[in-house]
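What follows is a single structure, written as structure tokens, with notes after it.
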Amino acid sequence: MTKILSQIWVVIVMNITSIGQRIWMSLAAIFAVAVVVAVLLSFLAMTEGFSKTLEGSGSNTVAIVTRSGSQSELNSVLSRETINIVTTAPGIAKDANGDPIYSPELYVIVDGIKKTSGTEVNLPMRGISSVGFELRDQVSITSGRMFETGKNEIIVGEGVLREFAGFELGTTVRFGKTEWEVVGTFSTGGNAFESELWADAPTLQSQFQRGSSFQTIRVLLETPDDVSGMAEMVENDPRLFLDVVTEADYFAQQGEALNGIVIFGWIISIFMSVGALAGALNTMYTSVANRAGEIATLRAIGFSNTSAFFGTLAESIVLSVIGGFVGAMASYLFMDGLSASTLGASFTQVVFKFELTTDLFINGAFLALGIGLIGGIFPAARAARLPVIVAFRGAN
Amino acid sequence: MTDETLYSLQKVSKGFVKGKEKITIFDGLDMSIEKGDFLAIMGPSGSGKTTLLNMLGGVDQPTGGEVWFDGSRVDKLSEGNLAKWRANNIGFIFQFYNLMPMLNAAKNVELPLLLTNLNSKQRKKSVEAALELVGLSDRAKHMTNEMSGGQQQRVAIARAIVSDPKLLLCDEPTGDLDRATADEILEMLQLLNREFGKTIVMVTHDPAAAKYAKRTLHLDKGEFVEKDLVA
Ligand SMILES: Nc1ncnc2c1ncn2[C@@H]1O[C@H](COP(=O)(O)OP(=O)(O)O)[C@@H](O)[C@H]1O
Ligand SMILES: [Mg+2]
């Protein structure tokens, strides 16, 4: 065993130390693998960051009630009457006075300008109450103060502040005929709510001519994950056409739309890998051709063809692992923590951060190794089958 | 075949298929090499000298006949067993040295020992002894591509003898060297034959080189022919 390992080692040393003879080709192969790995990692980092943002948004102690079949908050409408009925349902947590804890909310779309591209995009503006504010986990005012009821004041999420122009503290923004003053900024720990503007719900109702209707209500559950009491009531009361899900489930459903992007990312990467593979194959066939005399000499001395095979394969793997490492480093330097926004649920912008995790790096490593293995295996087989009499050709 | 016979070729034939053409190089060749022999093989270009040497070295297989080496048949060995057999029995010396340019002289000489059970200390001792024998002890750490042709061929000889094989096969070992250097190399081969009992088969174009051998065989069109040495 040690004998075969030292044989393989000789072939590896022979191949690696002669990389200089085909340096440009080797660098091109490394570069190709690096690009492929970087592309894959950026797709994965994007979807990872996006789904973390959505997952982080949903609480399992809060249920969200929308009109049946409305899919997203934007399309839902709930009358005051409906709200009065459904909030009597069992399973809703009560406050000190024995009243149910719930937050009727409005959800409208306003215009924003994306800083990076200068393009106009849809931003979600939410009308909430102080109860609604408290229903968000990890919520805090990060600068300024909370809006006051009855005033045209808004607080803006940290994500909005980062990605969209004109929402700095103290500025006045115009939406249609209405004007609002930014009196504070808030954080919800990096989740999707940070992509929103929040205002007093009744003020928003009057300014956007919504009368007394709301779009959704959020209720605090007595028991986490248990919406059965409300679901039962909705089912048995013919006046109620509602969907009740926990907030966690609601955002999980929205996040599933992203599976498509992950698959798309893999498909793109695999297509590009074919190109990188061609580069690796070319480099390795050249390596074998360059080394033919030496490989044959070693074989004449008595080295096994296994050593020629694995020595060649190792060179290919070394090249692609270097490429994978470069690609991973590049995506880590340029992408990890990069803030971006994209169209999320309700055709509004969701601000999220690219996130590179160990798991994602493992994906990148597998891709690089795959290219190295496939790109090396055929040239390695050629090296192993090289006729030994090649070593004597020079003497003919 | 006697105990003194190292190599015996019986009715060996060898042909190549080139496209649709079948080329016959040997057809029923008989040959015997005694232990301790120093045999020169001469002949015009294309007469089959290299092909014969390749078969003796077990890097090419005959298409017919039998090949016996030291009492056992070797022409039917598998590729893997043949590699082991070569490692144990044959030392090759090539016209263009065939050294590994990325390894220093000592590492080049050590290569055949990587196929043995010797540990690194034992290998180091053997390498030193072989380099000493070819007069290159002081060049052990030198890169071979910075050496002269004669020095490179001496490294190659050290590599060929380091694992103490029974048979040395040399294909035009002085073909790339000037007269004086060639004589040095040939004297070294003669010494290995006389003092260390190595059996040597050497292919050469050069009648002056052949004079160092104990006997010379002339190959022509795949057959050994009698030849007037004076002519
Ligand atoms: N692998 C091969 N395929 C086809 N023909 C070959 C091959 N090797 C050698 N030959 C032919 O066999 C003949 C003898 O070659 P070789 O043994 O190299 O002769 P020499 O070494 O005496 O010059 C030549 O005609 C050569 O072209
Ligand atoms: Mg020849």
Side-chain angles (χ1 to χ4, degrees), chain A residues 1-23 26 287-312 314-315 318 380-396, chain B residues 16 45-46 49-51 53-55 57-61 79-103 107-108 110-120 123 143 156 159-160 162-163 165 169-173 175-176 203-205:
Chain A
M1 195 59 202
T2 53
K3 268 197 270 177
I4 184 73
L5 288 182
S6 53
Q7 286 180 51
I8 291 172
W9 181 244
V10 168
V11 181
I12 292 175
V13 168
M14 185 176 92
N15 285 1
I16 302 290
T17 52
S18 68
I19 278 180
Q21 293 173 11
R22 38 185 190 287
I23 185 73
S26 304
S287 171
V288 172
N290 285 355
R291 300 274 66 79
E294 274 119 15
I295 292 169
T297 302
L298 289 174
R299 300 271 290 110
I301 289 173
F303 277 57
S304 63
N305 45 15
T306 321
S307 61
F309 182 86
F310 284 107
T312 306
E315 178 185 349
V318 165
R382 178 180 289 183
R385 284 199 310 262
L386 217 58
V388 185
I389 48 174
V390 170
F392 300 79
R393 277 286 142 76
N396 264 340
Chain B
F16 294 105
S45 194
K49 304 184 296 294
T50 296
T51 306
L53 206 69
N54 287 351
M55 289 195 294
V59 294
D60 205 354
Q61 298 275 52
E79 178 60 39
N81 285 332
L82 207 53
K84 283 188 195 128
W85 174 84
R86 285 196 298 269
N88 290 331
N89 296 294
I90 308 291
F92 287 105
I93 296 163
F94 306 88
Q95 178 176 3
F96 297 106
Y97 332 123
N98 290 29
L99 300 171
M100 307 292 137
M102 66 294 284
L103 302 178
K107 289 280 174 203
N108 264 286
E110 192 188 3
L111 288 173
L113 299 178
L114 297 177
L115 307 168
T116 67
N117 289 322
L118 300 183
N119 64 33
S120 70
R123 291 203 300 265
M143 297 311 284
R159 180 180 68 185
V162 73
S163 58
L169 296 176
C170 324
D171 196 352
E172 309 275 8
D176 198 42
V203 161
T204 182
H205 270 112

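What you are looking at is a predicted structure, and each value in this text was computed from that prediction instead of being measured. Lettering of chains follows the sequences in order, A, B, ..., and the numbering in each one begins at 1.
The OG atom of Ser6(A) sits 6.0 Å away from the CZ atom of Arg123(B) when rounded to the nearest 0.5 Å.
Taking each heavy atom of Arg86(B) and Arg299(A) in turn, the nearest pair found is NH2-O, 2.8 Å. Of all non-hydrogen atoms in Glu79(B) and Asn305(A), the two that sit nearest each other are CG-ND2, 4.2 Å. Here the shortest heavy-atom pairing between Gly302(A) and Ala87(B) reads CA-CB, 4.1 Å. Annotation for Phe303(A) and Leu111(B): closest pair CE1-O, 3.6 Å, computed over non-hydrogen atoms. Annotation for Met102(B) and Val13(A): closest pair CG-O, 4.4 Å, computed over non-hydrogen atoms. The heavy-atom pair separating Ile389(A) from Val59(B) by the smallest distance is CG2-O, 3.8 Å.
Proximity to chain A is limited to the backbone of Thr116(B), based on heavy atoms less than 4.5 angstrom apart. Both the backbone and the side chain of Leu115(B) come within less than 4.5 Å of a heavy atom of chain A.
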Practice task
With side chain to side chain contact (heavy atoms under 4.5 Å, CB included) as the test, would you mind laying out the steps for Leu114(B) and Trp9(A) before giving the verdict?
Solution key: CA-CA 10 Å; Leu114(B) 297 177; Trp9(A) 181 244; over 6 Å; no
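Between chain A and the residues Ala83(B), Gly80(B), Gly57(B), the largest count of heavy-atom pairs under 4.5 Å involves Ala83(B).
In this structure, Asn290(A) has no side chain to side chain donor-acceptor pair (under 3.5 Å) partners at least two apart in sequence or on a different chain. Residues that satisfy the side chain to side chain contact (heavy atoms under 4.5 Å, CB included) test with Ala381(A), not counting sequence neighbours, are Phe309(A), Arg385(A).
Within 6.0 Å of NZ in Lys107(B) there are 12 or fewer heavy atoms belonging to other residues, nucleotides or ligands.
Proximity of Glu294(A) to Leu103(B): side-chain heavy atoms (C-beta onward) are nowhere separated by under 4.5 Å.
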